[in-house]
Amino acid sequence: MPEHWVKVATTAEIGEDALIGVLIEGEDIAVYNLGGVYHATENICTHAMARLSDGYLEGSTIECPLHAGQFDIRTGCALAPPASAPLRVFPVRLDGTDILVDLGEND
């Protein structure tokens with residue numbers, strides 16, 4: 001798949017060890033700042049229709065606010081039930097203070 005890098009936020013918009021939800025080109029994405037390292041996953045829990053950006057971030061684990069399913073934001077792997085299917089993970093890069101996500105690999 002061709003790369004398709006899209007600006008989703010700036011580093012100033014996401015505090016350290018925090019996350020935001022963004023809707024970009026029809027994709028609902030959660031963008032995370034783990035100690036200055038940025039990650040991005042789909043923002044909708046694979047178990048139920050809940051926005052992970054409304055959940056609880058602890059280290060590299062995001063907990064769904066609806067049923068407490070947990071995911072590793074680095075790999076997308078489901079870590080705790082009722083979540084069992086992994087999240088899509090988007091490649092991330094920085095361009096100065098802009099956070100870019102590659103939507104091309106997930107078309």
Go through the steps for D28 and R51 under the test side chain to side chain contact (heavy atoms under 4.5 Å, CB included), then give the verdict.
CA-CA 9 Å; D28 198 353; R51 297 185 82 231; 3.1 Å; yes
Verdict with reasoning, L57 to L34, per side chain to side chain contact (heavy atoms under 4.5 Å, CB included)
CA-CA 10 Å; L57 181 62; L34 294 185; 4.2 Å; yes
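Within the 3.5 Å criterion, the main-chain N or O of S53 finds a donor-acceptor partner in the side chain of N43. Without hydrogens or angle criteria, T46 side chain to A85 main chain gives a donor-acceptor distance under 3.5 Å. Between the side chain of N33 and the backbone N or O of A18 there is no donor-acceptor pair closer than 3.5 Å. In this structure, D102 contributes its side chain and V92 its backbone to no donor-acceptor pair below 3.5 Å. Using modelled atom types, no side-chain atom of E63 and backbone atom of A68 make a donor-acceptor pair closer than 3.5 Å. A donor-acceptor pair under 3.5 Å is formed between the side chain of E13 and the backbone N or O of T10.
Taking a 6.0 Å sphere around CD of E58, one finds it holds 12 or fewer heavy atoms contributed by other residues, nucleotides or ligands.
Looking at every heavy atom in both residues, I44 comes nearest to L87 through O-CD2, 3.7 Å. Among all heavy-atom pairs drawn from G35 and D17, the shortest one is N-OD1, 3.3 Å. Nearest approach of H47 to A83, heavy atoms of both residues: CB-CA, 4.1 Å. In terms of heavy-atom proximity, I20 sits nearest to A9 at CD1-CB, 3.8 Å. Here the closest heavy-atom approach between residue G104 and residue H4 is recorded as N-CB, 3.6 Å.
H39 places none of its side-chain heavy atoms less than 4.5 Å from the side chain of F90. Within the 4.5 Å cutoff, the side chain of I99 has no heavy atoms near those of the K7 side chain. The shortest side-chain heavy-atom distance between C64 and Y56 does not fall under the 4.5 Å cut-off. Side chains of T61 and I73 form no contact here, defined as non-hydrogen atoms less than 4.5 Å apart. Contact annotation: the side chain of V89 never approaches that of T75 to less than 4.5 Å [non-hydrogen atoms, C-beta and beyond]. Side-chain contact between I62 and L19 is present, with at least one heavy-atom pair separated by less than 4.5 Å. Using a 4.5 Å heavy-atom cutoff, the side chains of T11 and Y38 are in contact. Taking 4.5 Å as the limit, some side-chain heavy atom of V101 sits within range of a side-chain heavy atom of I29.
A continuous path of Ile, Leu, Val, Met, Phe, Trp and Tyr side chains, each step under 4.5 Å between heavy atoms, connects V31 with V6, placing both in one hydrophobic cluster. The same ILVMFWY cluster, assembled from side-chain heavy atoms under 4.5 Å apart, contains both L103 and L94.
Remark: the T41 side chain and the Y32 side chain contain an N/O donor-acceptor pair separated by less than 3.5 Å.
Here H67 contributes atom NE2 and C45 contributes atom SG; the two are 9.0 Å apart, rounded to the nearest 0.5 Å. Here the CG atom belonging to L100 is positioned 11.0 Å from the CD atom belonging to E3, to the nearest 0.5 angstrom.
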